[in-house]
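In what follows, a structure is listed as structure tokens, so that the remarks can point back to it.
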Amino acid sequence: MATKQRILLVEDEEHLLEAIKLNLELEGYKVSTATDGKKALRVFKEERFNLIILDVMLPEIDGFQVAETIRLENTEVPIMFLTAKNTSEDRVNGLKKGADDYLVKPFNLEELILRVNNLVKRGLSGEEKKELNTYKIGGKTIYFNSFELRNEDGTVTPLTKKETMLLKLLIERRNEAVSREQILETVWNYDVYPSTRTIDNFILTFRKYFEPDQKNPIYFHSIRGVGYKFTDNQ
């Protein structure tokens, strides 16, 4: 390939990681590696990749959660799960988390390379899923890429990165209860443990932004003993 495409390979079995890395490099790819979920998210934020290859059973944060967190920030980069978890439920779960492909261990190396090539080409040609760039609640529009909320009168309210990520998580799971644990894993990445009150304050802020009557919310709900839910029928 004229320009080296970049792959993030996340695998906690060192010998397997090195073997896959070597073969991908022989194919002309530039490969960055991580052996746990926390490092994977850190490396992902530092570089731009054309493909993410993820084991599922990882230390710190599992591959499913890594994929879900990546998808909050980037819905374009292809993700492939490479895992020993081979039940139909595991496959369905992986695809629901945002994966584009799912290859079960033990695997054929030639098949892996073919799948990698296809995913990278597809990503380069722009045949990815449509990204959630904007979302309208009432007369206000969230712009996820620029961290902005544009009001009906044309004024702009800046959003923090955490506000944007939490909004995106709740909107993508609209009409479903999202647990506090899920929010911790996906939005905070376990780097900081916000209290329940901290997350409650985010919800109160969202109500201030969007609710016609903050005391009787129709969009952002606290579910006692579970977590939070964004309700919208659009």
Side-chain angles (χ1 to χ4, degrees), residues 41 44-46 48-49 52 61 64-79 95-100 123 126-234:
L41 290 172
F44 173 76
K45 292 174 186 293
E46 293 170 355
R48 185 175 182 86
F49 294 99
I52 314 293
I61 305 173
F64 286 152
Q65 191 57 56
V66 171
E68 194 164 37
T69 302
I70 287 173
R71 279 290 175 249
L72 279 175
E73 297 191 25
N74 186 319
T75 59
E76 296 181 359
V77 61
I79 296 176
L95 295 171
K96 281 183 176 179
K97 299 297 184 185
D100 299 272
E127 296 174 10
E128 322 87 358
K129 293 184 293 183
K130 186 178 179 182
E131 185 173 3
L132 181 63
N133 293 317
T134 64
Y135 192 87
K136 194 168 185 178
I137 302 176
K140 301 182 178 184
T141 305
I142 305 163
Y143 288 78
F144 293 102
N145 292 338
S146 57
F147 307 109
E148 291 178 337
L149 173 63
R150 297 191 187 178
N151 304 298
E152 289 180 279
D153 61 4
T155 59
V156 174
T157 302
L159 300 170
T160 67
K161 186 173 182 181
K162 286 288 191 288
E163 284 176 338
T164 306
M165 290 179 72
L166 181 52
L167 278 170
K168 197 168 190 180
L169 174 62
L170 293 172
I171 288 168
E172 289 184 340
R173 297 288 191 84
R174 58 186 169 275
N175 304 319
E176 297 179 17
V178 181
S179 70
R180 295 182 184 88
E181 291 75 16
Q182 185 82 61
I183 291 170
L184 279 170
E185 292 172 358
T186 306
V187 178
W188 272 267
N189 298 337
Y190 287 121
D191 291 333
V192 178
Y193 287 82
S195 67
T196 297
R197 185 167 180 80
T198 301
I199 306 176
D200 279 340
N201 286 337
F202 274 77
I203 300 300
L204 290 174
T205 299
F206 296 162
R207 287 175 183 164
K208 180 180 175 183
Y209 290 158
F210 300 105
E211 300 287 1
D213 179 358
Q214 295 178 46
K215 293 184 179 179
N216 297 287
I218 58 174
Y219 296 116
F220 293 93
H221 309 274
S222 298
I223 310 298
R224 185 182 295 274
V226 179
Y228 309 86
K229 180 169 71 171
F230 169 69
T231 302
D232 193 5
N233 295 319
Q234 66 172 288

inquiry  = Run the ring-ring contact (aromatic ring centres under 6.0 Å, His included) test against Phe202 and tell me which residues pass, sequence neighbours left out.
reply    = Trp188

message = If you define the side chain from C-beta out and look only at heavy atoms, does anything of Leu166 sit under 4.5 Å from Tyr228?
response = no

message = Between Arg71 and Asp100, is the salt bridge (Lys or Arg N to Asp or Glu O under 4.0 Å) condition met? List the steps.
response = CA-CA 11 Å; Arg71 279 290 175 249; Asp100 299 272; 3.0 Å; yes

message = Is any side-chain heavy atom of Val66 closer than 4.5 Å to one of Phe64?
response = no

Between CG on residue Asn175 and NZ on residue Lys229, distance to nearest 0.5 Å = 7.0 Å

task = Go through the structure and list residues passing salt bridge (Lys or Arg N to Asp or Glu O under 4.0 Å) with Arg150, not counting sequence neighbours.
result = Glu148

inquiry  = Distance check, rounded to the nearest 0.5 Å: Ser222 atom OG versus Arg180 atom CZ?
reply    = 7.5 Å

inquiry  = Closer than 3.5 angstrom, by distance alone: can the side chain of Asp232 be matched with the main-chain N or O of Arg174 as a donor-acceptor pair?
reply    = no

task = For Phe210, enumerate each residue passing the ring-ring contact (aromatic ring centres under 6.0 Å, His included) test, keeping only those at least two apart in sequence or located in another chain.
result = Phe220

ask   = So does Asp200 pair up with Arg224, basic N to acidic O under 4.0 Å?
value = no

message = Counting C-beta onward and ignoring hydrogens, is there a side-chain heavy-atom pair between Phe44 and Asn74 closer than 4.5 Å?
response = yes

request  = Check for a donor-acceptor pair, side chain of Lys168 on one end and backbone N or O of Leu72 on the other, with a separation under 3.5 Å.
outcome  = yes

query = Taking the side chain as C-beta and beyond, is there a heavy-atom pair between Ile70 and Val77 under 4.5 Å?
reply = yes

inquiry  = If you define the side chain from C-beta out and look only at heavy atoms, does anything of Ile171 sit under 4.5 Å from Ile142?
reply    = yes

Nearest-0.5 Å distance, CG of residue Asn151 to NZ of residue Lys140 = 5.0 Å

inquiry  = As a test of understanding, state which of Val187, Leu169, Leu159, Asn145 forms a side-chain contact (heavy atoms from CB on, under 4.5 Å) with Thr164.
reply    = Leu159

ask   = Checking Asp153 side chain against Thr155 main chain: does a donor-acceptor pair fall under 3.5 Å?
value = yes

ask   = Quick one: does Ile137's side chain get under 4.5 Å of Tyr219's, heavy atoms only?
value = yes

request  = Answer yes or no: is there a side-chain heavy-atom contact under 4.5 Å between Tyr209 and Glu163?
outcome  = yes

ask   = Hey, what do you get for CD1 (Ile79) to CD (Glu68), rounding to the nearest 0.5 Å?
value = 10.5 Å

query = Could Glu73 and Lys45 be called an ion pair, given the rule that one side-chain N must be under 4.0 Å from one carboxylate O?
reply = yes

ask   = Is there a side-chain contact between Phe144 and Tyr135, using heavy atoms and a 4.5 Å cut-off?
value = yes

remark   = The reported gap from CG in Leu167 to CD in Glu172 (rounded to nearest 0.5 angstrom) is 11.0 Å

